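The next block holds one structure in the form of structure tokens; read it before the comments.
Here the structure is a predicted model, which means the values were calculated and not measured.
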Amino acid sequence: MYMARLAFNSTGSMTLTLRKRVAATETELASHTVEGTYTAGTYYRIRFQASGPTLRAKAWPASNPEPDRWQVETTDTSITTSTYIGLRSISASANTNVNPEIRYDQLDVVNPQTYTVTRSVNGVVKSHASGVPVALAYPSVIAL
């Protein structure tokens, strides 16, 4: 699992890190101390990008415009393809922040994986044009 993590430290500072987790072992790949200090009630945005072996992230107060540059960037040549993408939030046991709120918005998979579809019923195969949507939950009814 590759991730961008924004840590709200007990000193009021924030640390943005790029990390990977393999076989229950988490490794920090790169880090950046976010400018300023956080205050309760302030919302922050994070943008994380994985493109090939390159990982990038940036974090900023939601009330400010998005920074032009990535704040932390690294490459990891051991990255492999995955069939999963997701979001995760945790509160460390030593964290003393009270009632933090986490919200997710605008998750965008820009370059999703593709696959080949062969539609068939009882061995009868019907062609399927490229680019036409497929809804596996609502299979097509085909006259035989």
Side-chain angles (χ1 to χ4, degrees), residues 1-121 123 125-142:
M1 171 172 60
Y2 288 90
M3 67 185 97
R5 182 175 90 176
L6 183 60
F8 294 87
N9 306 313
S10 59
T11 60
S13 65
M14 295 169 289
T15 307
L16 178 63
T17 59
L18 294 173
R19 310 172 82 80
K20 75 175 176 179
R21 185 175 177 92
V22 178
T25 300
E26 195 167 301
T27 306
E28 182 179 298
L29 302 172
S31 69
H32 170 77
T33 301
V34 178
E35 188 176 324
T37 58
Y38 73 89
T39 57
T42 302
Y43 292 95
Y44 291 86
R45 297 188 188 277
I46 300 174
R47 184 172 302 275
F48 173 65
Q49 181 186 71
S51 180
T54 304
L55 306 168
R56 302 176 179 108
K58 51 185 160 179
W60 67 98
S63 59
N64 293 356
E66 180 176 344
D68 293 333
R69 295 182 179 206
W70 295 102
Q71 295 167 331
V72 62
E73 182 172 343
T74 191
T75 58
D76 185 7
T77 56
S78 65
I79 195 169
T80 59
T81 60
S82 174
T83 56
Y84 304 102
I85 186 169
L87 303 167
R88 176 180 178 210
S89 300
I90 62 170
S91 179
S93 59
N95 191 310
T96 58
N97 294 323
V98 178
N99 299 323
E101 288 185 31
I102 305 296
R103 297 179 185 181
Y104 296 107
D105 185 21
Q106 298 177 349
L107 173 64
D108 190 15
V109 180
V110 177
N111 211 359
Q113 294 180 341
T114 58
Y115 55 92
T116 302
V117 175
T118 303
R119 293 185 348 182
S120 67
V121 174
V125 176
K126 178 165 176 33
S127 63
H128 191 93
S130 177
V132 175
V134 175
L136 299 178
Y138 305 102
S140 300
V141 177
I142 302 168

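Legend: salt bridge (Lys or Arg N to Asp or Glu O under 4.0 Å) pairs involving residues 63-76, not counting sequence neighbours, sorted by first then second residue: Lys20-Asp76, Arg47-Glu66, Arg56-Glu73, Lys58-Glu66.
In this structure Tyr44 satisfies the ring pair (Phe, Tyr, Trp, His ring centres under 6.0 Å) test together with Phe8, sequence neighbours excluded. Among residues two or more places apart in sequence or in another chain, the side chain to side chain contact (heavy atoms under 4.5 Å, CB included) test is passed with Ser63 by Pro61. With sequence neighbours left out, the side chain to side chain contact (heavy atoms under 4.5 Å, CB included) criterion links Thr33 to no other residue. In this structure, the side chain to side chain contact (heavy atoms under 4.5 Å, CB included) partners of Thr75, at least two apart in sequence or on a different chain, are Thr54.
No donor-acceptor pair closer than 3.5 Å links the side chain of Tyr2 to the backbone N or O of Leu18. With Gln71 contributing its side chain and Ala59 its backbone, the two residues share a donor-acceptor pair below 3.5 Å.
The closest side-chain heavy-atom distance from Leu55 to Phe48 is below 4.5 Å.
More than 12 heavy-atom neighbours from other residues, nucleotides or ligands sit within 6.0 angstrom of CD on Gln49.
Between Leu6 and Met14, the shortest heavy-atom contact is CD1-CB, 4.0 Å. Contact between Ala4 and Ile46 at its shortest, heavy atoms only, is CB-CG2, 4.3 Å.
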For residues 21-32, run the donor-acceptor check on the side chains, cut-off 3.5 Å, and write out each pair with its distance to 0.1 Å, sequence neighbours left out.
{"from": "Glu26", "atom 1": "OE2", "to": "Arg19", "atom 2": "NE", "distance (Å)": "2.5"}
{"from": "Glu26", "atom 1": "OE2", "to": "Arg19", "atom 2": "NH2", "distance (Å)": "3.3"}
{"from": "Glu28", "atom 1": "OE1", "to": "Arg19", "atom 2": "NH1", "distance (Å)": "3.2"}

